[in-house]
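Report on one structure; see the data block that follows.
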Protein chains: 2
Amino acid sequence: MLAAADALFATSDVPGDVTMDAIAAAAGVGKGTLFRAFGSRDGLLDTLWAAKITALREGVESGAPPFVAETPPLERLVAFLDEILTFKLENRHLIRARETRSGLLQSAHYKWMHGQTQALIEDAMGRSTASEALYTAHALLAALHIDLIEEMLASGLSLPAIRKEQGARVRTVIDGVRR
Amino acid sequence: MLAAADALFATSDVPGDVTMDAIAAAAGVGKGTLFRAFGSRDGLLDTLWAAKITALREGVESGAPPFVAETPPLERLVAFLDEILTFKLENRHLIRARETRSGLLQSAHYKWMHGQTQALIEDAMGRSTASEALYTAHALLAALHIDLIEEMLASGLSLPAIRKEQGARVRTVIDGVRR
DNA sequence: CGAGGAATTGGACCCATGGTCCGCAATTCT
DNA sequence: AGAATTGCGGACCATGGGTCCAATTCCTCG
């Protein structure tokens, strides 16, 4: 079922086109089975998200290349957000389907991303109030909203330009706060 | 009709509860009339948004108190984003109803906010590439998403704290880029 | 191996909601 | 006054997430 859903999201341009019926049909399964397995559309989306992000997540948590203690926290933060950006673009239709629904900020994925980001920020800027890191993490992640990224791409900004701006902004914010 | 819709949004907690039928009923008008007048739900939402933001918009465009040439651009930028934040919170249900639909970034309101922000940024930091200001404007506005603000409020961050963080972030970003 | 029961399935069905459409009434024109 | 035109209202439609139960599959035990 996840494979079928993934395939559908990968091909369809409009996430709304991928209905639960379509997924069930593509998976050769009844709609009831789909809902029993995932509870709701959001549940399916979250599960699929989890499946796709596993590699990234494990890499980050088990200290793959850039995420080792030797790397300065700021660089780890930049690398982390860059990987999130790449991940979102690679799965843009899925992400779009999930992000254009309310409750995203309460989802486990957002909380994970936010937790990671906040921790890296706290590392990167020496001392800082909790609310400072909390706010900054939210603010940095907000700029990664898929709609926003796609809007920028559509408006002529190239992907390298976006990545460059994003990296620059992260450094600026951290440096500025650290002073 | 706008008054009726406004009243409904002001009272209801969940924006989804305010259906087009409910608005029509509250306005003492047929649903057909509603759709003939506004075209679609988004159309109504945008019109209502326009009506509510008029004061702010006129203040900004006609140089009310903080938006005069004498005020440093950076201060104008901070004030502008702060007013947007206040406006969104004052009309949180309406804004929520509109912001949790796709196409927001293509709406006239977002374009106006983005245009204003970008112009102020370009003023505030001496020289800067166009993409720098464009990106930064998007990034700053992204942190004003109503869902995000409400999530922060729910997580214990106070409104004054948010405003303080936001102001600090704006200054940091501009100062950092200006160097 | 077969019968009985438990678990699981699939898709018909339900319902809410945005959006459409047409008969009718109010209004205007002659 | 009668005819023509405009515009209203609410019945109606389409769609999509979610539910439910008859039917089928799968265990379990004699």
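Residue numbering restarts at 1 for every chain, and letters A, B, ... go by the order of the sequence lines.
Looking at B/Glu132 and A/Arg169, no side-chain N of the basic residue comes within less than 4.0 Å of a carboxylate O on the acidic one, giving no salt bridge. Of the charged side-chain nitrogens involved, none lies within less than 4.0 Å of a carboxylate oxygen, so that A/Glu70 and A/Arg76 do not count as a salt-bridged pair.
Of the candidates C/dG10, D/dG17, C/dG18, C/dG10 carries the atom nearest the A/Val29 side chain, counting heavy atoms from C-beta on. Here the nucleotide nearest the side chain of B/Thr33, chosen from D/dC8, D/dG18, C/dG10, is D/dC8.
Rounded to an integer number of Å, the gap from CZ of B/Arg41 to P of D/dT15 is 20 Å. Between the C1' atom of C/dA12 and the NZ atom of A/Lys31 lies a distance of 10 Å, rounded to the nearest Å. The CE-P distance, from A/Met20 to C/dC13, rounds to 21 Å in whole Å. Straight-line distance from the CE atom of B/Met1 to the C1' atom of D/dG9: 12 Å, rounded to whole Å. The CD1 atom of B/Ile23 sits 12 Å away from the P atom of C/dT17 (whole-angstrom rounding). A/Asp21 places its CG atom 11 Å from the P atom of C/dA12, with the value rounded to the nearest Å. Across the protein-nucleic acid pair, A/Asp17 atom CG and D/dT15 atom P stand 12 Å apart, rounded to whole Å. Here the C1' atom of nucleotide D/dT19 and the CG atom of A/Leu34 are 14 Å apart, to the nearest Å.
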Protein-to-nucleotide contact annotation, 5' to 3' order, nucleotides 22-27 of chain C [B base; S sugar-phosphate only; - none; under 4.0 Å, heavy atom]: ------

Test log, rule side chain to side chain contact (heavy atoms under 4.5 Å, CB included), inputs A/Arg96 and A/Phe9: CA-CA 10 Å; A/Arg96 198 181 175 96; A/Phe9 278 116; over 6 Å; no

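Contacts with DNA chain D (heavy atom under 4.0 Å) in residues 96-109 of chain A: none are found.
Put simply, the side chain of A/Lys52 never gets that close to the backbone of A/Asn91: no donor and acceptor are under 3.5 Å apart. Side-chain atoms of B/His93 do not come within 3.5 Å of backbone N or O of B/Leu8 as any donor-acceptor pair.
Side-chain contact between B/Met152 and B/Leu148: present, with at least one pair of heavy atoms (C-beta onward) separated by less than 4.5 Å. Between B/Ser107 and B/Arg98 the shortest side-chain heavy-atom distance falls below 4.5 Å. Within the 4.5 Å cutoff, the side chain of B/Leu45 has heavy atoms near those of the B/Asp42 side chain.
Of the residues near DNA chain D, A/Asp42 and B/Gly32, the one whose nearest nucleotide (by heavy atom distance) lies more toward the 5' end is B/Gly32.
Side-chain contact, B/Glu61 with B/Trp112: a donor N or O sits under 3.5 Å from an acceptor N or O.
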